[in-house]
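Okay, so here's the structure we're looking at.
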Amino acid sequence: MKPVIDIIDQQICQAIKTVSGEDSPAMVTVATDAKFGDYQANAAMVLAKKLKSNPRKIAEQIVEKLNISDICEKPEIAGPGFINLRLKPEYISAALLQINSDPERLGIDKEQQSKTVVVDFSGPNIAKEMHVGHLRSTIIGDCICRMLEFAGHNVIRQNHIGDWGTQFGMLVAYLNLEFRTQNSELRIQNSIHISDLEQFYKNAKAKCDADESFEKLSRQQVVKLHDGNSETLNIWKHIVDESRKNYQPIYNRLGVNLHKENERGESFYKDMLPGVVGDLKKAGLAKESDGAICIFPEGFKTKEGQPLPFIIQKSDGAYLYATTDLAALRFRINQLHANKIIYVTDARQQLHFQMLFAVAKQAGWVNENIELVHVTFGSVLGDDGRPFKTRSGENVKLQELLDEAVSRAGKIVEQKNPALDKEQKRQIANAVGIGAVKYADFSNNRTSDYVFSFDRMLAMDGNTAVYMQYAYARVKSIHRKAEEKNIDVDGEIKRAAKLNFTTAEELDLAKHIVRYGEAVEAATRDYRPNFLTQYLYELAQKFSGFYNACPVLDADAASRPTRLLLCELTAQTIKHGLNELLGIDVVEQM
RNA sequence: GCGCCCGUAGCUCAGUAGGAUAGAGCGUCGGUUUCCUAAACCGAAGGUCGCAGGUUCGAAUCCUGCCGGGCGUACCA
């Protein structure tokens, strides 16, 4: 089933063609005000401009040739030439029944051509606990994957973990020093945990700065690591495994679909780096400059107006993230056969990715059928408008942040619904707390910074996850009550051949349910979860209005099947949007 | 200096191709519960869309300049 807006758009385009012979855009949008109908087409003004003609007259001509009487009432022309369209109740009725017959996809078509899309997101640093700086990439990336999967694409999730580099030499040297007991194997297996690693890293760094002999040791460890020395490698591997014990549970709690098999960290590409540099040299793109191997893509300038280098090998011979990113990009195209590669990182890396893409294209690694996308996002800020930190200036650990959200939610559950059993309360607190954090992030415009506030996201009223979770729980409650009263919900819905909207609230809700596909399409197209949250919030609002105005179980026989279906589809839509696409849990009762 | 992003109600934010009287939430004020979960609903007040020009029948949206803020800008990621 195509979104209504697309059907209307198509029909108007056709009418324009018939009237003028032009391929002019239909400019269909949701009406700005309900009194103008449901949709409006602004095509006449655009076309009139082109033809230097009267827009109202053109609107009349378009309407005359317009063939949508099966979905819309008679179009009205208003103002300078707006074409106002109102959906027919019969159409809405048929659309809802069709959505109901397709619980898997809620009547939303897949994309015609499925692509292989690599999505690079999350990318935590090894040997450090995940902190609030990883939140956005992790959940926005996951949401993008979910949306693309739902659209029918073959999505390959790539967690480009930061597991390689000189800092590991330092860390290994430090562990060797501190944990090697006399004449025994390095006892690390049960003695080193993630919470320690960060401190060890700091200690190692300080020691490095203070102690020359230690600095030498750590440089030796870097060499050993690169040479694949098995003991060094084992310690490194332990560090990676230990780090995973920190971030995997966080993914699980966040409902983020990342696992060990999605990991392809920096270390995976280490052996490809000389080849990357060699190939770019051979192609004549990479040259030496001030001792470093650089590529100077067109259109990038330094402060002084000189060509800006994309450095792929430092003067000391070491490789950089630019090199790794090039290797990864080539791997994704050649080995993973990506048609599209999406990088989800904060906006500060924009220049890097612009240059990366430019270089990859100049090198001929990317043909016209491969799309490279950098999906950026803003920073998470504290109350003071500065990057969100603890009072002592440390990064806020994600684990602690989630604990706090769940614990705050738990207190509210306790207060609102003390009679529920313990396990239920725990589940609700989890869904509400984690949902609040994710939803607050999603509902902001991706590209802007936002101020993190537990109080606001957990305020339990307003545009928060819980508002939708509550709407969902109320529908489920109706189901439970129906059972008590021996009302056959499924049967009544199944027997409804045509719906009967008797109130403005029913019709309003019904129309909004029909629009779900539009919201999903827009959010997927622009990688913008906030289009989805906006839709879901409006849906929950309309449901609440309906719930308040229209009794369901006590409705008369003419109304009840329609109302039951509206409840059912509201619940399914909320569940699909919240759970399937945003990865936020819903609860049956709260 | 140059580049990118941002400036919308007291606060936090939307605004999906340039469209009709600029929208939410919080907060404020007022109302709703013998009725399916009041974590709810209904209503009111509140804005020269940073400033100044320009393009257009029409600008928060496009262009130019200015003011204010953030980020980036040769060997970190």
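Only heavy atoms go into these numbers, but all of them, side chains included; no hydrogens, no water, no symmetry mates. We name chains A, B, ... by the order of the sequence lines, and we start the count at 1 in each one. It should be emphasised that the depicted structure is a prediction, and the values quoted were computed from it without experimental measurement.
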In whole Å, I'd like the distance from the [atom1] atom of [X] to the [atom2] atom of [N].
| X | N | atom1 | atom2 | result |
| --- | --- | --- | --- | --- |
| A:Tyr467 | B:A38 | OH | P | 12 Å |
| A:Leu553 | B:C36 | CG | C1' | 5 Å |
| A:Arg563 | B:C36 | CZ | P | 15 Å |

Requested in this report: Could you walk me through whether A:Val375 and A:Phe121 pass side chain to side chain contact (heavy atoms under 4.5 Å, CB included), step by step?
Outcome: CA-CA 10 Å; A:Val375 172; A:Phe121 67 108; over 6 Å; no
Query - Interface with RNA chain B, restricted to residues 22-29 of chain A and to heavy atoms under 4.0 Å - result: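 Output list: A:Pro25, A:Met27.
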Given [options], identify the nucleotide with an atom nearest to the side chain of [X].
| X | options | value |
| --- | --- | --- |
| A:Ser477 | B:A17, B:A74, B:C36 | B:C36 |
| A:Leu320 | B:C13, B:A20, B:C75 | B:C75 |
| A:Gln350 | B:C4, B:A74, B:C57 | B:C4 |
| A:Ser544 | B:C13, B:U37, B:C41 | B:C41 |
| A:Tyr470 | B:A39, B:C41, B:C75 | B:A39 |
| A:Arg528 | B:A39, B:C41, B:G15 | B:G15 |
| A:Tyr547 | B:C41, B:U37, B:C75 | B:U37 |

Quick one: is [N] close enough that its OP1 or OP2 comes under 4.0 Å of any side-chain N or O from [X]?
| X | N | answer |
| --- | --- | --- |
| A:Asn445 | B:G15 | yes |
| A:Ser448 | B:G7 | no |
| A:Lys314 | B:A74 | no |
| A:Lys49 | B:G18 | no |
| A:Asn530 | B:G15 | yes |
| A:Gln541 | B:A40 | no |
| A:Arg480 | B:U37 | no |

Query raised in the report: Quick check, are the ring centers of A:Phe310 and A:Phe296 under 6.0 angstrom apart?
Result: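 Centroid distance A:Phe310-A:Phe296: not below 6.0 Å, so no.
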Under-4.0 Å salt bridge between [X] and [Y]:
| X | Y | result |
| --- | --- | --- |
| A:Glu60 | A:Arg56 | no |
| A:Asp554 | A:Lys485 | yes |
| A:Asp508 | A:Lys542 | yes |
| A:Arg386 | A:Asp384 | no |
| A:Asp346 | A:Arg136 | no |
| A:Arg408 | A:Asp455 | yes |

Report task. Assess the side chains of A:Thr345 and A:His374: does a donor N or O sit below 3.5 Å from an acceptor N or O? Result ->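 Indeed, the side chains of A:Thr345 and A:His374 share at least one donor-acceptor pair under 3.5 Å.
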Using a 4.0 Å heavy-atom cut-off, does [X] contact any base of the nucleic acid, only the sugar-phosphate backbone, or nothing at all?
| X | value |
| --- | --- |
| A:Val552 | base |
| A:Tyr537 | sugar-phosphate |
| A:Cys567 | nothing |
| A:Asp383 | nothing |

Now, which nucleotide makes the Watson-Crick or G-U wobble pair with [N], with each of the two distances under 3.5 Å?
| N | result |
| --- | --- |
| B:C41 | B:G31 |
| B:U48 | none |
| B:A20 | none |

Can you say whether a donor on the side chain of [X] sits under 3.5 Å from an acceptor on the base of [N], or the other way round?
| X | N | answer |
| --- | --- | --- |
| A:Thr324 | B:A77 | no |
| A:Asn42 | B:A20 | no |
| A:Gln40 | B:A20 | yes |
| A:Tyr321 | B:A77 | yes |

Report task. Apply ring-ring contact (aromatic ring centres under 6.0 Å, His included) to A:Tyr319 and A:Tyr321, showing your working. Result -> CA-CA 7 Å; A:Tyr319 302 108; A:Tyr321 80 136; over 10 Å; no
Report task. First locate atom CZ of A:Phe353, then atom CG of A:Asp325, and finally report the distance between them rounded to the nearest 0.5 Å. Result ->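 A:Phe353 CZ to A:Asp325 CG: 5.0 Å, rounded to 0.5 Å.
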Query raised in the report: Does the side-chain ring of A:Phe36 sit on the six-membered ring of the B:A20 base, less than 5.5 Å centre to centre and under 30° in tilt?
Result: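 Yes, A:Phe36 stacks on the base of B:A20.
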Requested in this report: Would you give a per-nucleotide map of nucleotides 67-73 of chain B, 5' to 3', where B means the base has a protein non-hydrogen atom under 4.0 Å away, S means only the sugar-phosphate does, and - means neither?
Outcome: ----SSB
Query raised in the report: Would you say A:Asp449's side chain and A:Ser379's backbone share a donor-acceptor pair under 3.5 angstrom?
Result: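 Present.
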Report task. For nucleotides B:G50 and B:U8, find the distance between their P atoms and express it as a whole number of Å. Result ->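 Approximately 6 Å lies between the P atom of B:G50 and that of B:U8.
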